[in-house]
Amino acid sequence: MTARSGRDARGPLAGLLIAALVSLACAGGGLAEPEGERPGADPPAASPGATRADSTTSVAEFKQDVADAQAIAERYWAAQFKQSGQRFQPIRQIIPYQRSGEVSCGGQALPRNNAVYCSRGDFIAYDVAWSVAAFRQVGDAFVFYLLGHEYAHGIQVRLGINYSFTIQQELQADCMAGAYLGDSVRSGALTLAEGDLDEFREGLAAVGDDPDQPWFAEGAHGTAEQRTDMFFRGYERSLKECGLG
């Protein structure tokens with residue numbers, strides 16, 4: 001996956017200030033605090049025989065991919081807000097951590113093997129060892145998806161979007177991540193390498209809920225099938241598929 005600098009990823013975003021739906025009861029001054037990918041989960045495992053589209057697996061390459069994904073997300077969402085006549089404020093900080101409890105959100109320590117957007121401090125935090133392992137096992141496309149998903153939660157907060165159930169918030173974030181990536185590819189801000197689409201599918205399959213988990217369960221994110229469907233809806237048809245266009 002290759003990022004192109006200096007190019008805006010533009011797409012329509014009508015009605016930016018969306019009326020909030022049924023309020024999600026949570027801490028943080030009324031702001032949503034969506035959880036990351038199932039605390040305690042193992043890093044997404046590569047499918048048998050799967051190979052990466054590129055051969056870069058170093059920590060330095062991982063850091064560069066995170067920086068590129070952040071830069072593209074900021075340009076993309078700034079363009080969407082500008083088109084709607086609104087001022088965009090980037091997420092304040094992205095924090096890697098190594099130990100459970102090293103970073104906290106609203107007084108709650110973040111566990112290992114996790115990635116989360118925290119509305120209290122307006123930051124994204126991720127377990128660097130877990131994320132690098134996923135990067136090496138699945139591929140660099142997973143890094144762009146992961147950052148895009150958590151960044152989408154920050155956008156939901158900025159738009160005042162709250163749902164009754166966690167799964168609604170999470171599946172919309174998957175769709176928004178897909179739109180950010182698909183629109184960035186179409187604009188030329190991002191170039192896919194061979195196998196990147198398969199890496200998206202593989203990563204989404206790895207972070208899906210158990211199919212038997214109730215739809216309305218607290219913390220539900222959606223099954224692999226649901227998450228993949230919503231991501232590629234956004235990827236192929238942009239933000240209108242996410243209830244934002």
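Note that this is a predicted model, so its numbers are computed, not measured.
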Crowding at CD, Gln98 (>12 non-hydrogen neighbours, <6.0 Å): no
Under the salt bridge (charged side-chain N to carboxylate O under 4.0 Å, His left out) test, residues paired with Asp198 that sit two or more places apart: Arg201
With sequence neighbours excluded, residues passing side-chain hydrogen bond (donor to acceptor under 3.5 Å, both in side chains) with Arg186: Asp183
Listed partners of Asp229 passing side-chain hydrogen bond (donor to acceptor under 3.5 Å, both in side chains), at least two apart: Arg233
Distance-minimising heavy-atom pair for Ile72 and Ala189: CD1-O, 3.8 Å
Partner residues of Val143 under the side-chain contact (heavy atoms from CB on, under 4.5 Å) criterion, sequence neighbours left out: Phe62, Asp65, Val66, Phe135
Residues in side-chain contact (heavy atoms from CB on, under 4.5 Å) contact with Ala69, at least two apart in sequence or another chain: Phe144, Leu147, Tyr180
Qualifying residues under side-chain contact (heavy atoms from CB on, under 4.5 Å), relative to Glu225, sequence neighbours excluded: Thr223
Smallest separation among heavy atoms of Glu241 and Met230, with atom names: O-CE, 4.3 Å
Residues in side-chain contact (heavy atoms from CB on, under 4.5 Å) contact with Ala141, at least two apart in sequence or another chain: Met1, Asp196, Glu199, Phe200
Qualifying disulfide (SG to SG under 2.5 Å) pairs, either residue in residues 148-177, two or more places apart: Cys175-Cys242
side-chain hydrogen bond (donor to acceptor under 3.5 Å, both in side chains) partners for Gln64, two or more places apart: Asp68
Results of side-chain hydrogen bond (donor to acceptor under 3.5 Å, both in side chains) for Arg99 - residues two or more places apart only: none
Residue list, ring-ring contact (aromatic ring centres under 6.0 Å, His included) with Tyr97, at least two apart or on another chain: none
